[in-house]
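The chains referred to below are lettered A, B, ... by the order of the sequence lines, with proteins before strands, and numbering in each begins at 1. The basis for the numbers below is simple: all heavy atoms, side chains too, and nothing from hydrogens, waters or symmetry mates.
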Protein chains: 2
Amino acid sequence: MATIYDVAELAKVSPATVSRVFNGTSVSEDKVAAVRDAAAKLNFTPNRTARTLRRQSSEVIALVIPDIENPYFTEMARGVEDVASEAGYSVVLCNSDAQVEKEATYLRIAIAEHMSGIIIATADENSNLDSILATGRPVVAVDRSTTYDIDGVVMANRAAGTSAAKDLLDAGYRRIAYIGGPEHIDTAAERAAGWRAALSAARPELDLDELERFATFRVDGGRAAMEELLALPEPPDAVVAGNNLIGVGAIQVLTERGLTPPQVGVAVIGSLPFTTLSPTAVTVVRLPARHMGVTAARMLLDRIGGDAQPSRTVVLRNEIQPASAVRS
Amino acid sequence: MATIYDVAELAKVSPATVSRVFNGTSVSEDKVAAVRDAAAKLNFTPNRTARTLRRQSSEVIALVIPDIENPYFTEMARGVEDVASEAGYSVVLCNSDAQVEKEATYLRIAIAEHMSGIIIATADENSNLDSILATGRPVVAVDRSTTYDIDGVVMANRAAGTSAAKDLLDAGYRRIAYIGGPEHIDTAAERAAGWRAALSAARPELDLDELERFATFRVDGGRAAMEELLALPEPPDAVVAGNNLIGVGAIQVLTERGLTPPQVGVAVIGSLPFTTLSPTAVTVVRLPARHMGVTAARMLLDRIGGDAQPSRTVVLRNEIQPASAVRS
DNA sequence: ATGAAAGCGCTAACAG
DNA sequence: CTGTTAGCGCTTTCAT
């Protein structure tokens with residue numbers, strides 16, 4: 001690999017001039033031409049590692065998510081990537097697998113590799129951002145809020161829970177259960193609170209604790225919880241699924257038992273990914289995942305650019321798609 | 001951030017000794033202890049960038065895929081990641097979006113960042129690996145084969161096409177169409193060839209060209225092609241979908257037209273992701289995506305470790321899951 | 001076993 | 001506008 005010294009020699013200028021050409025500072029036209037020629041001839045590419053070492057920062061941002069196999073997060077990743085690559089940044093995707101330890105490892109790498117910033121959907125409430133924040137690198141939280149004073153982009157989770165529950169109530173269901181993600185994850189808790197508010201207003205006689213389940217944010221979590229609910233002495237006649245994958249699991253179980261919606265009402269918070277036989281009888285509260293990624297990336301880039309205003313949290317509106325109007 | 005000099009000073013040893021401690025070369029026990037103490041006290045982490053610059057290689061591998069939103073590829077990514085992180089490597093995921101230019105950019109980054117190796121599912125047949133191979137870095141091709149003399153892991157694509165078609169033939173369908181990905185992508189071509197072989201043997205009277213469609217490897221590609229096929233003077237009575245997303249699109253269109261399988265036979269090459277209303281009437285040729293990732297990662301790690309045997313290509317067997325036995 | 005010292009390739013003062 | 005120079009933090013001979 002050619003270095004700036006090789007280029008400098010061939011172009012008969014100093015290494016510094018070569019560096020300047022590749023960094024857009026003022027150099028006379030003829031030298032620029034000479035350098036570009038030489039660089040082309042030598043097939044020269046600046047060594048990013050050296051640049052990073054020198055500059056103490058690199059044009060890479062880390063995106064840390066808890067489940068790379070969840071289309072919700074990959075959709076968000078697309079949003080981040082589009083904005084970032086537009087701005088000349090590359091995005092490295094890190095899968096924490098919802099484990100704080102793995103998350104910590106990736107955060108350590110982000111620091112050690114001098115990445116410019118981090119967008120993170122935290123693994124859980126124990127996620128530790130202390131050391132990354134101590135380095136002064138900008139961090140934007142997505143999807144889940146944190147206890148830190150940093151920028152964030154979240155969904156209108158409570159509203160999502162309420163809309164979902166209300167739609168089911170309007171459709172005439174009475175015992176409406178809720179299956180959410182892990183209780184200590186704030187999105188799950190908020191969505192549950194929304195459901196709870198709607199239900200306790202409309203059906204004060206219900207014992208909501210009995211109808212509430214916390215699972216993993218995955219298909220098997222949704223399946224297990226749905227089975228528990230159906231085993232209840234008095235099973236629910238409808239259910240709100242706290243995320244897309246839980247929704248998939250719940251609908252699977254229902255279908256297997258011959259309880260295809262709308263026999264049992266279903267509302268899902270988050271879009272159903274890749275639906276084949278379209279479950280027209282399912283209400284979907286769409287979450288703008290891509291938009292979340294776009295927004296977070298813009299905020300992060302602003303911060304990297306030196307924006308120092310007080311930290312902001314953006315709440316994204318969601319859009320309800322009532323049962324029977326469903327078309328992907 | 002503390003450096004080895006800080007640690008050296010505190011531990012009263014030379015920087016070289018500190019380096020040795022962190023690289024496992026022989027250092028007397030007491031010094032090791034002193035260094036570890038000092039490092040802990042200063043919260044020292046070796047600067048990877050500097051190490052990379054010095055060593056001219058980093059413990060990062062790049063995984064370049066054409067569609068991060070396709071569960072087939074994210075499943076594969078999990079396989080890669082698991083093996084890599086086990087071995088102390090991190091994986092950066094790069095989404096080429098099926099564009100050779102984006103792919104080239106990421107490949108350039110991989111070189112510039114001194115990454116140890118690349119696993120790539122090429123964007124198309126024009127993908128250019130020349131410069132990356134010129135650096136001597138190991139490259140493993142996954143999913144799609146290339147014209148280069150490098151290691152590869154692919155599915156038994158032709159066999160998959162044949163199995164899918166045969167299963168449909170056995171079920172009594174006669175006019176069996178095929179919807180594949182872009183014609184010039186070898187997986188698509190191979191799967192098509194498999195279908196063609198099965199059909200021309202069993203139904204020599206059919207005009208296969210009429211029943212063959214090449215689309216994008218995405219849901220809308222499957223939808224469009226399925227609609228075209230249904231608009232034929234003599235529409236097919238069954239269809240083989242060349243990948244998971246095409247399958248989703250085809251089934252969607254069929255369902256919307258009231259032609260729910262098995263009214264029209266469907267066989268999908270690749271697993272149907274996140275099925276809700278289980279399409280029991282659909283044949284699925286399972287592709288071991290995770291296994292592909294695992295295998296590729298192992299091969300790459302071997303090469304990074306210096307393995308210099310002639311290049312190998314591993315073909316992974318797939319498993320057919322006939323219609324009506326489907327359970328996710 | 002340990003230390004001194006020379007870079008890896010680049011950038012950013014500082015002169016001129 | 002341009003060249004000289006001094007490192008960024010680490011690893012690795014080469015002596016000791």
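Scanning for salt bridge (charged side-chain N to carboxylate O under 4.0 Å, His left out) contacts around B:Glu75 gives an empty result, with sequence neighbours left out. Not counting sequence neighbours, the partners of A:Ser14 by the side chain to side chain donor-acceptor pair (under 3.5 Å) test are A:Thr17. Residues passing the salt bridge (charged side-chain N to carboxylate O under 4.0 Å, His left out) test with B:Arg51: none are found, sequence neighbours excluded. With sequence neighbours left out, the salt bridge (charged side-chain N to carboxylate O under 4.0 Å, His left out) criterion links B:Arg290 to B:Asp82.
Nucleotides of DNA chain D with any atom under 4.0 Å from a heavy atom of chain B span, from 5' to 3', D:dG9 to D:dT13. Heavy-atom contacts of chain A under 4.0 Å fall on DNA chain C between two terminal nucleotides, which in 5' to 3' order are C:dG9 to C:dA13.
In this structure, A:Phe22 reaches neither bases nor backbone, as no heavy-atom distance under 4.0 Å exists between it and the strands shown. Base contact: B:Ser19 has a heavy atom under 4.0 Å from a base atom. Among the atoms of the strands shown, none is found under 4.0 Å from any heavy atom of B:Arg48. When heavy atoms are screened at a 4.0 angstrom cut-off, B:Val18 is found touching no nucleic acid atom at all.
Note on residues 133-147 of chain B: no pairs pass salt bridge (Lys or Arg N to Asp or Glu O under 4.0 Å), not counting sequence neighbours. Annotation: ring pair (Phe, Tyr, Trp, His ring centres under 6.0 Å) contacts involving residues 35-89 of chain A, sequence neighbours excluded, comprise A:Phe22-A:Phe44. Sorted by first and then second residue, the salt bridge (Lys or Arg N to Asp or Glu O under 4.0 Å) pairs involving residues 8-20 of chain A (not counting sequence neighbours) form an empty list.
Between the two ends of the helix from C:dA1-D:dT16 to C:dG16-D:dC1, each summarised by a five-pair axis, the helix axis turns through 30° (rounded to 10 degrees).
At least one side-chain heavy atom of A:Asp67 sits under 4.5 Å from a side-chain heavy atom of A:Leu245.
Between the side chains of A:Tyr148 and A:Asp130, at least one donor-acceptor pair of N or O atoms lies under 3.5 Å.
Of the two residues near DNA chain C, B:Leu53 and B:Asp30, the one whose nearest nucleotide lies more 5' is B:Asp30. Between B:Ser14 and A:Asn47, it is B:Ser14 whose nearest contact on DNA chain C lies nearer the 5' terminus.
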Less than 3.5 Å apart, which donor and acceptor atoms pair up between the side chains of residues 302-316 of chain B and the rest of the protein, not counting sequence neighbours?
from: B:Arg303; atom 1: NE; to: B:Asp151; atom 2: OD2; distance (Å): 2.6
from: B:Arg303; atom 1: NH1; to: B:Asp307; atom 2: O; distance (Å): 3.2
from: B:Arg303; atom 1: NH1; to: B:Gln309; atom 2: O; distance (Å): 2.7
from: B:Arg303; atom 1: NH2; to: B:Asp151; atom 2: OD1; distance (Å): 2.9
from: B:Arg303; atom 1: NH2; to: B:Asp151; atom 2: OD2; distance (Å): 3.3
from: B:Arg303; atom 1: NH2; to: B:Gln309; atom 2: O; distance (Å): 3.0
from: B:Arg303; atom 1: NH2; to: B:Pro310; atom 2: O; distance (Å): 3.3
from: B:Asp307; atom 1: OD1; to: B:Gln309; atom 2: N; distance (Å): 3.0
from: B:Asp307; atom 1: OD2; to: B:Gln309; atom 2: NE2; distance (Å): 3.2
from: B:Ser311; atom 1: OG; to: B:Asp149; atom 2: OD1; distance (Å): 2.5
from: B:Arg312; atom 1: NH2; to: B:Asp151; atom 2: OD2; distance (Å): 3.1

Show me the donor-acceptor pairs within less than 3.5 Å that the side chains of residues 52-65 of chain B make with the rest of the protein, sequence neighbours left out.
from: B:Thr52; atom 1: OG1; to: B:Arg48; atom 2: O; distance (Å): 2.7
from: B:Arg55; atom 1: NH2; to: B:Asn23; atom 2: OD1; distance (Å): 2.8
from: B:Ser58; atom 1: OG; to: B:His114; atom 2: O; distance (Å): 3.1

